[in-house]
Amino acid sequence: MKRSEAVAALRMLAALSPERRRMMLAALPQAAVAAIAEEWWWGVHGGQHEPRAAQNGLPWRVWAIVAGRGFGKTRAGAEWVWARARARGEGTRIALVAATREEAARVMVEGESGLIACARSGEAPRWTPSRGHLRFPGGAQGFVYSAERPDQLRGPQHHFAWVDELAKWRHAEATWDNLMLGLRLGPQPRTVLTTTPRPGPLLKRILALPHTAQTGGGTAENPHLPADFRDAVTALYAGTRLGRQELDGVLLEDVQGALWTRQMLEQARISLSPSGERVGERGSSFASPDFPSPGLSPEGERGMSRVVVGVDPPASAHGDSCGIIVCGMADGVGYVLADCTIAGARPEGWARRVAAAAQAWDAQLVVAEKNQGGDMVASVLRAASVGLPVRLVAATLSKAARAEPIALHFETGRAKLAGFFPELEDQLCGLTYAGYEGPGRSPDRADAMVWAMTELFKPEREVRVRML
């Protein structure tokens with residue numbers, strides 16, 4: 001089958017229902033199926049699509065594919081390089097840069113999704129491992145470079161570049177700078193960067209460039225991965241810092257001056273059994289059917305001497321999130337039990353959510369910030385006949401000043417996370433002494449947790465007998 005015929009068949013197949021498509025593919029000869037499979041645009045998904053422009057609308061010079069393992073970064077990078085080699089042909093120079101020459105050869109060139117594997121039928125690239133040189137059929141050339149020897153890139157010029165796993169580079173800054181200074185051939189030099197999102201100053205600098213376009217995604221977005229692999233790694237790492245970075249493709253980095261760090265939260269994470277007993281750092285956590293939360297279920301709060309719901313009401317009645325965090329105390333240790341935060345609800349809606357959470361976890365108290373309409377929480381709870389005390393508190397101190405004592409409890413082991421709370425943890429790691437630098441406009445979840453923990457750690461009043 002000629003390529004033009006394969007493309008025509010694909011366009012016809014795209015108009016069919018999935019069931020009809022499967023039937024048609026099953027009826028085609030093996031050679032035709034192979035020709036169709038070689039068309040990259042047919043199987044591309046999500047962040048593998050080449051962007052049209054950078055985030056600010058400018059033409060992109062660097063395309064950063066920052067994604068989880070198994071997402072398909074290598075395949076996307078190899079296919080992009082092949083497209084450049086086919087389009088420009090003779091004289092095109094392409095830099096292939098990895099942490100070491102061995103990794104560049106093993107992954108970028110010879111790997112299962114590397115350049116040799118992505119060649120179409122009739123294309124026979126010539127690979128010379130000893131020289132680190134790949135010659136494409138049309139005359140374009142690929143040159144392998146190592147981040148162990150940045151000076152190799154001082155002098156050579158290129159039209160395009162493919163950079164792999166930047167976070168593993170030994171001399172990252174020098175290698176990148178030499179590569180960029182030599183990327184000056186042709187009317188529009190471009191670089192594709194494929195990497196897992198390990199935090200580092202160079203990656204942060206690249207992503208902040210005005211001509212950088214970023215795409216990405218998680219491991220689960222690749223439909224071609226075996227379901228057994230996806231299920232296994234999800235069961236092992238879902239919700240953990242490693243899982244969010246390596247599977248979800250989230251760039252996790254500590255903010256300068258933050259009250260909480262990722263390491264501190266990982267050390268504070270435990271799991272509780274339904275009876276409230278600690279079962280280990282990586283035990284099971286329990287989700288409530290009413291509140292799909294990565295924390296503890298209402299049954300799991302048994303064993304807590306006291307349970308409090310912290311509430312940070314939204315600043316407006318038009319869609320902002322209402323932070324709702326359930327915390328409990330057991331043996332002098334405070335635990336984050338559940339995150340019931342709700343977004344997009346009107347005051348009556350989020351107040352009913354607070355009432356439902358308090359009933360589900362058998363809380364003894366609701367603490368709400370009255371600066372942002374906490375009176376609504378009190379009135380709706382009373383209307384619901386919950387019969388639960390509601391304490392309205394005023395935010396007279398800054399967020400950092402209120403949060404600092406609670407951060408100290410986490411650091412000293414007196415406060416714990418009973419499960420995984422990704423959105424809450426992101427906000428905690430964005431709270432600094434100078435202000436909030438995390439995701440979103442406001443740390444609503446973090447504020448709610450601080451209110452609840454502050455209430456739990458208030459010193460109990462001593463009963464004294466006065467002698468007459």
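As the structure is a prediction and not an experimental result, all values here were calculated from the model.
Note that CE of Met108 is 5.0 Å distant from CG of Leu96, once rounded to the nearest 0.5 Å. Rounded to the nearest 0.5 angstrom, Lys458 NZ and Met453 CE are separated by 15.0 Å. Within the model, atoms CE of Met449 and OG1 of Thr454 stand 8.0 Å from one another, a figure rounded to the nearest 0.5 Å. Put simply, CZ on Phe420 and CD on Glu425 are 8.5 Å apart, with the number rounded to the nearest 0.5 Å. The line from NZ of Lys168 to CD of Glu103 is 3.5 Å long, rounded to the nearest 0.5 Å. To the nearest 0.5 Å, the span separating CD on Gln267 from CZ on Phe410 amounts to 12.5 Å.
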For this session: Assess whether side-chain hydrogen bond (donor to acceptor under 3.5 Å, both in side chains) is satisfied between Asp339 and Thr341, documenting all intermediate values.
Result: CA-CA 6 Å; Asp339 182 352; Thr341 298; 2.6 Å; yes

For this session: Please test Glu165 against Thr196 for side-chain contact (heavy atoms from CB on, under 4.5 Å), starting from the C-alpha separation and ending with a verdict.
Result: CA-CA 7 Å; Glu165 291 299 350; Thr196 46; 3.1 Å; yes

Problem set entry | Chi angles and distances behind the side-chain contact (heavy atoms from CB on, under 4.5 Å) call for Trp169, Val163 | CA-CA 10 Å; Trp169 287 11; Val163 167; 3.1 Å; yes

For this session: Start with the C-alpha distance between Trp451 and Glu369, add both sets of side-chain angles, then the distance that settles side-chain hydrogen bond (donor to acceptor under 3.5 Å, both in side chains), and finish with yes or no.
Result: CA-CA 8 Å; Trp451 287 126; Glu369 182 180 332; 3.2 Å; yes

For this session: Report the C-alpha separation of Lys399 and Leu431 in whole Å, then their side-chain angles, then the decisive distance to 0.1 Å, and conclude whether the side-chain contact (heavy atoms from CB on, under 4.5 Å) test is met.
Result: CA-CA 8 Å; Lys399 295 182 186 296; Leu431 274 175; 4.2 Å; yes

Exercise. Step by step, would you call Trp80 with Thr194 a side-chain contact (heavy atoms from CB on, under 4.5 Å)?
Worked result: CA-CA 11 Å; Trp80 182 85; Thr194 54; over 6 Å; no

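Ala415 and Ala268 make their closest contact through O-CB, 3.9 Å (heavy atoms, listed as atom of the first residue, atom of the second, distance). For Val390 against Leu365, the heavy-atom pair with the smallest separation is N-CD1, 4.3 Å. Heavy atoms only, all atoms of each residue included: Ala213 and Trp60 are closest at CB-CB, 3.8 Å. The shortest non-hydrogen separation linking Arg306 to Leu456 is O-CD2, 4.0 Å. Heavy atoms only, all atoms of each residue included: Gly332 and Met329 are closest at C-SD, 3.4 Å. Nearest heavy-atom pair across Thr261 and Cys429 is C-SG, 3.8 Å.
Distance alone, capped at 3.5 Å, is enough to place a donor-acceptor pair between the Thr212 side chain and the Ile206 backbone. No donor-acceptor distance shorter than 3.5 angstrom exists from the side chain of Glu423 to the backbone of Phe421, with no hydrogens or angles considered. A donor-acceptor pair under 3.5 Å is absent between the side-chain atoms of Arg269 and the main chain of Lys416, judged by distance alone. The backbone N or O of Gly72 sits less than 3.5 Å from a side-chain atom of Gln48, completing a donor-acceptor pair. At least one donor-acceptor pair closer than 3.5 Å links the side chain of Trp82 to the backbone N or O of Leu115. Without hydrogens or angle criteria, Lys73 side chain to Leu193 main chain gives no donor-acceptor distance under 3.5 Å. Side chain of Asp312 to main chain of Gly323: no donor-acceptor pair is present (N/O by atom type, distance under 3.5 Å, no hydrogens or angles). Here the side chain of Gln427 pairs a donor or acceptor atom with the backbone of Ala446 at under 3.5 angstrom. His211 places no side-chain N or O within 3.5 Å of a backbone atom of Val62 that could act as its donor or acceptor partner.
Around atom CG of Asp331, no more than 12 heavy atoms belonging to other residues, nucleotides or ligands sit under 6.0 Å away. Within a 6.0 Å sphere centred on CZ of Arg149, other residues, nucleotides and ligands contribute 12 heavy atoms or fewer.
Phe71 is not listed as a side-chain neighbour of Val66, based on a closest heavy-atom distance of 4.5 Å or more. Side-chain contact check for Trp361 versus Met304: every heavy-atom pair is 4.5 Å or farther apart. Side-chain contact between Met264 and Leu428 is absent, with no heavy atoms from C-beta onward closer than 4.5 Å. In this structure, Arg402 and Asp447 have side chains that are in contact, with non-hydrogen atoms separated by less than 4.5 Å. Using a 4.5 Å cut-off on side-chain heavy atoms (C-beta onward), Trp63 and Thr215 make contact. The closest side-chain heavy-atom distance from Gln364 to Pro389 is not below 4.5 Å. Side chains of Cys322 and Val311 form a contact here, defined as non-hydrogen atoms less than 4.5 Å apart. The side-chain heavy atoms of Phe457 and Pro405, taken from C-beta on, include no pair separated by under 4.5 Å.
Salt bridge Asp426/Arg445: absent, no basic N to carboxylate O contact under 4.0 Å. In this structure, Arg205 pairs ionically with Asp177, as a charged nitrogen and a carboxylate oxygen lie closer than 4.0 Å.
Not a single side-chain hydrogen bond (donor to acceptor under 3.5 Å, both in side chains) links Arg52 to another residue, sequence neighbours left out. Applying the side-chain contact (heavy atoms from CB on, under 4.5 Å) test to Ala95 and every residue at least two apart in sequence or in another chain returns Val97, Tyr145, His158, Ala161, Leu179. Taking the side-chain contact (heavy atoms from CB on, under 4.5 Å) definition, one finds that Thr74 meets it with Val107, Ser113, Trp162, sequence neighbours left out.
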